Structure formats: C-alpha cells, structure tokens
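Worksheet for the structure shown next.
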Amino acid sequence: MSIVTSMREKIRAEIEKAIEQAKQEGKIKGEKLPDFVVEVPREKSHGDFATNVAMLLCKEAKMAPRAIAQIITENLVNEDWLEKVEIAGPGFINFYLHKSWLYAIVPQVIAGDENYGRSNYGQGEKVQIEFVSANPTGLLHMGNARGAALGDTLSSVMDAAGFDVSREFYINDAGNQIENFGKSLEARYLQLLGRDVPFPEDGYHGEDIIDTVKNIIGDVQDKYLDVDSEERRTFLVERALQEKITAIKSDLARFGVHYDVWFSEKTLHESGEITSVIQELREQGYIYEKEGALWLKSSLFGDEKDEVIVRSNGIPTYFAADIAYHKNKFERGFTRVIDIWGADHHGHVARMKGAVQALGYNPDNLGVILMQLVRLFQGGEIVRMSKRSGQYITLSELMDEVGKDAARFFFVMRSPDSHLDFDLDLAKAESSENPVYYVQYAHARINSILKANPQGELAKEKVDLSLLKEEAELDLMRKIADLPEEIVGAAVNSEPHRLTRYAHELASLFHSFYNSCRVLTDEEELRKARLLLVDAARITLRNVLTIIGVSAPERM
RNA sequence: GUGCCCAUAGCUCAGUUGGAUAGAGCAACGGCCUUCUAAGCCGUGUGUCCGGGGUUCGAAUCCCUGUGGGCACGCCA
C-alpha cells in the first residue's frame, strides 16, 4: 500500500476511534457514521490531510460543526506522527504530520524501481479493453489514433493498478462493408487493367486501395480479369485485407500499441455464434418478426427503439455480430469489458448494454468510453478530413510529422469527452510551448545530474534524508508519493488524462527544485540525500511516462 | 422534433465524485546563466464557472428549466 494511502487510513481510523469515544461519553449524539472523506487539501496551508466529518455529523448530532470538530480533536490520541491538528473554516479538521512520514517515500521508490506506482488495487480482475477496431478497408486516421493512445494508456494504467488487462482489436472483416470493399477493389482492378467500368457510388475512393490493387496486380497480373465476379471479389478481398491488416498492425506497433488478441468478426459468422445468440434471445422472448426482418426488443432495456438484427434478406446486421462478440467476451471470463468508440457511435451504447442485459449479464460490467472527434490544425487552419474523398491524414503520416511521443502525449492529454484540437505546429515545436518536451526535459536533466555525480554510485546506506528540508524538496517528495493513488484514480475512473497532468506537475516541481537546490553540493551528507531524492524523481517520472507510452530520454 | 455530450481567464483545457480564496499551459510584461542541461526558474493579472430557479452547513460539480454548439436518430457500420 502506498504511503499516502496508509496515512490516510491511519487518520481515518483515529477519527473513527475519537468519534466512537465521544459517543460513549455522550458528547456526540447519532447512530451511524457518515461517509466522510480524508483528503489532501488543495491549499498547503490547510495541512497534509483534512476531513469534513464534523460538517457531516452536525445534522444528526444537532450541533454546530466547529463544536463537533472540537470534541473530535480533543479525543484524538496524540500519536507521534501527528504534529498538530487544527479546526478551520466551516468545520474542517486539518492534520499536520511530522515531515518524517514523507522521507520514507524515497527509499521505497528506489527499492520499487520500475514497480513503483504499481498496486494490487484491481486484485487481478480480468478486464478486456477493445479499442481502435478500425475497418480494415483503409488506413488509420486521427480518430483511430486517439483511440489507440487512449486505449493503450488505459490498458497500461489498469495493469499498473493491478487489473489483469487484455488488449483487443476487433477486425470487421465481414458484412456489408466488406461487400462494398469487394466491389471497389473489383472496379479498380478492372480499371487498372484497361476495362472501362464505373466505380461504385458508395465505394472506397481512397488512393490507398488503388495502391493495394496495383500490388495485387504485380503478383497475379490479369489472372482474375475474365473469371466470374464472385471468384474475383473473394480473391481480391482476401488479399487486400491481408495487406491492410498487416499495415494497421505495423502502424500501431510503431505507435507503441501491441494487442493481445486480434479478433475476426468473420469467425463469429463461421462458428455459428451469431446464429446461436439470436436463438438464445429468441428463447428469452426478446425477438419478434416484422416486415420480414428479425427485431430485438431493445426498447425494453432503455434503447429508444427496437433494432433489426437480421435483415429481411436473411443477413444478420452488424449489431447481431456485435452481440455475439460481446457474449463471447464475457464467456471468456472477463468480468469487466471496456469498449472505446467514437462519439458518433453513442446511439449504439444503450442497445449494446441492453443486449448484454438480455443475455443475462450485468450491463454495468460493460463500460463504453466515447471519445469526441479530433480536429487537426496547421498554420491556424483546420485540416479537413474526409474519408469519402479519401483525403485524410493517417496515423503513419502523423508520426512522420510530429513523432510518436508528441502524438501520444497530445491524444492522452485531453479528457475523452472533450473535443481535441490537435495543433500540428505545436506538437512539432521543439520548444517550451510543447508540454511533451517540458516533461521529458526534466527526465533528461535528472540523468545529467546523476552522470555528473563524482561518486558515481548512489549512497544507499546511512543517508540522512531529514536534511531535505527545503520547501521545494518537500513538495517534490509529496508529489512523488502521490503516484500510486494517481494511477488507481486514472484506472478506476477510466481517465488516462490525469496521468499527463500528473507528469507535468511532477516535472514542474522538479524544475523548481533544480533551480533552488543545488544537488551536487560540497556538503557531502546533503548531496547524498539530494541524489537519492533526484533518483526517486527519475524513477517516478520514467514510470508515468512509460504508462503513457512516451519515451523518457536520458539526454536531450 | 427526440436522445446523448459539451459550455470555466484573450486561446486550449484541468478541476480528485458536494468542500475552504476556482487552477494549469499558451499568449503579454519584467527579472535570473562563471556553478548539476535557460527545451528551465522567479515575479506581475485575468473570471457573470452560459442565463434563471431549486436541493443544503456549503454547488463550477447534483436536480429542473431556458439559450448556444457538437453528434446520433438506416433492414449502414
């Protein structure tokens, strides 16, 4: 357990004891203990920890909050780690701790090294996170890139918080879209070989599929020119998907994203899982027929209306496949399933949760993170994106342009439900305007100090950390100590953007410390202590950057 | 029209589940390198938290309502 968490719980226990005693003495009335918090106050002048318990008790006890706070304070046992307790404001009780509690953090971080920040909060709960799942009919665009950065960081942070995380990519290699893809490929194939055929109106206009078809022609020439359309399309689709999926995999790998499972939609059709899940829903009475199609009564579960799951032509919809897919996820033993979708899919959330419920699972175990759209800016202008015209900036081009680190940091920096204005010029700037460099620079500076250390090695024994008394030193330790709780908070709330903020704050405190405290000073004992603090800062910074998927350079 | 998301400093955004005087970055101005990396630090100020009601010890946060913007409402995915 982290030091901050254990102090918090110690204080909570003391408060509870004090209240219990006050009740026995008849000083406070009331039956149940309110759900109070022991929090770290925003203002440093309000102590190390504070509680609102007195304000919450006042209603039942029928006393003024400050009077209750007074009684609780008097009943607190004077522990040696407690320096003083104050009543403040409307009735807060502020706890000031002896500085020694913080010194313990430094050796703990160094001993933990790459494990510092990790915890067992999730207790190995099996979680599956599905993200990106882009159509394999094209290249990855900005929305996919944001999903990739978010999903991968959420996976890493949940892993660090003690969950057993599996990353999964769902390949939409079946259904209407693939039909359409086949028609587009076929048209390009015939056109490239000199046939005058029209391009399908709703086809994939992107340049990239022309290249794909050119590659195929390089292999098989006109072998499929005069065979029947069915055979030609099947061949072209299979070959093109292979190429596209390989490209998607390698772009994501370059972006630092590695999946545990690549799940093919096609297998759900072939295995009969779609048919059987429809049968299961039918037996539950959630299916009816209307106008030749099969409908799911999703309106029973909070959806706005019922949804078609099998078309009148007998072909199941995307939704049917998705239901089978989610059943498959839960059957694999995941007790928590998280999907990351673009905000334009929000209408899908209620019906998906409804379907999960209809299958007998708790819909709360399915979490859907909707992320708002990404707008690209360059030179102050919006860079237009249109899949239809085939003009959009790809993930691969983005990495060429701004690099992996800046791209990942920028995507994770914003909360998923806020629109993201991605400023290409800013992300590219090698200057202080760029928050990525600011954080990385702190790490590089630390390494520079450690290399310049005349002793070479860090003294680990008999170092007097209590020499670290400067404000900047204490603030830095305080922030370092927060990492485990920050990780848990980001994990359980599915808010990876907390990590970039934390990284920035930590870097900022380090830079302040760097400017006000000289590490390689002539005072040997102080130097030893500061070197350990600096090393702890290095580990903390590196660990949080690693979770975000951003490199921690030793030199810049 | 119905549903979901959003509205906080000039700009881009945080705000730890309802707490104390609402915070960062950028942009602006002034200062700091003979010393571990100036890609840095220190200082200067800015708010109708979209408007209006309500809930309570206490609201940017929760409820209602109005306004403005985004998205979705297909036998597409």
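Note that this is a predicted model, so its numbers are computed, not measured. Each chain gets a letter, A, B and so on, in the order the sequences are listed, and its residues count up from 1.
- A salt bridge does not link A:Lys479 with A:Asp475: every distance from a Lys NZ or Arg NE/NH1/NH2 to an Asp or Glu carboxylate oxygen is 4.0 Å or more.
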Protein-to-nucleotide contact annotation, 5' to 3' order, nucleotides 12-22 of chain B [B base; S sugar-phosphate only; - none; under 4.0 Å, heavy atom]: BSSS-B-BB--
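- A distance of 7.5 Å separates CZ in A:Phe513 from OG in A:Ser516, rounded to the nearest 0.5 Å.
- No donor-acceptor distance shorter than 3.5 angstrom exists from the side chain of A:Lys183 to the backbone of A:Gly203, with no hydrogens or angles considered.
- Nearest nucleotide to the A:Ser312 side chain, out of B:C75, B:C36, B:A77: B:C75.
- Closest to the side chain of A:His504, from the set B:A77, B:C41, B:G25, is B:G25.
- When heavy atoms are screened at a 4.0 angstrom cut-off, A:Tyr514 is found touching base atoms of the nucleic acid.
- Heavy atoms of A:Glu289 sit nowhere under 4.0 angstrom from any nucleic acid atom.
- A glycosidic torsion no more than 90° from 0 defines the syn conformation, and B:U17 adopts it.
- By the 30° and 60° cut-offs, the orientation of the rings of A:Tyr325 relative to A:Phe263 is tilted.
- Nearest to the side-chain atoms of A:Glu304 among the listed nucleotides B:C73, B:A77, B:C41 stands B:C73.
- At whole-Å resolution of the value, CG in A:Leu506 and P in B:A24 are 16 Å apart.
- Per the geometry, CG belonging to A:Asp173 stands 14 Å off P belonging to B:A77, to the nearest Å.
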Watson-Crick and G-U pairing of RNA chain B, under 3.5 Å, as dot-bracket with | and [ ]: (((((((..((((.....[...)))).(((((.......))))).....(((((..]....))))))))))))....
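- Comparing the same atom, C1', in B:G45 and in B:G23 gives a spacing of 14 Å after rounding to whole Å.
- Note on ring orientation: taking the six-membered ring where Trp is involved, the planes of A:Tyr170 and A:Tyr318 are perpendicular (angle over 60°, cut-offs 30° and 60°).
- A:Arg527 comes within 4.0 angstrom of nothing in the nucleic acid, heavy atoms only.
- Atom-to-atom, CG of A:Leu370 to P of B:G3 comes out at 18 Å; the value is rounded to the nearest Å.
- Applying the 4.0 Å criterion to OP1 and OP2 of B:C76, one finds that A:Arg311 has a side-chain N or O inside that range.
- Taking side-chain N and O atoms only, A:Tyr437 has no distance below 4.0 Å to OP1 or OP2 of B:A39.
- Comparing A:His348 and A:Leu520 by the nucleotide of RNA chain B whose heavy atom lies nearest to each, the residue mapping closer to the 5' end is A:Leu520.
- The shortest distance between the side-chain N/O atoms of A:Asn176 and the OP1/OP2 oxygens of B:C76 is below 4.0 Å.
- Backbone-only contact: A:Gln372 has heavy atoms under 4.0 Å from sugar-phosphate atoms and none from a base.
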Got a list of protein N/O to nucleotides 31-35 of chain B N/O distances below 3.5 Å?
residue: B:U35; atom: O2'; partner: A:Arg518; partner atom: NH1; Å: 3.0
residue: B:U35; atom: O2'; partner: A:Arg518; partner atom: NH2; Å: 2.6

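- Residue A:Ser516 has no polar side-chain atom (N or O) positioned under 4.0 Å from OP1 or OP2 of B:C42.
- Across the interface with RNA chain B, nearest-nucleotide mapping of A:Phe513 and A:Lys290 shows A:Phe513 to be the residue nearer the 5′ end.
- Across all strands, A:Ala444 comes closer than 4.0 Å to base atoms (heavy-atom distances).
- Rounded to an integer number of Å, the gap from A:Asp344 CG to B:G74 C1' is 15 Å.
- Judged purely by distance below 3.5 Å, without hydrogens or angles, the side chains of A:Gln177 and A:Asn172 never pair a donor atom with an acceptor atom.
- Taking the six-membered ring for Trp and thresholds of 30 and 60 degrees, A:Phe199 and A:His205 have ring planes more than 60 degrees apart, a perpendicular arrangement.
- Using C1' as the reference atom, B:A38 and B:C32 are 9 Å apart when rounded to the nearest Å.
- For B:C42, the base is anti relative to its sugar; the glycosidic angle deviates from 0 by more than 90°.
- The residue A:Lys451 sits apart from the nucleic acid: no heavy atom pair falls under 4.0 Å.
- A donor N or O paired with an acceptor N or O is found under 3.5 Å between the base of B:G3 and the side-chain atoms of A:His346.
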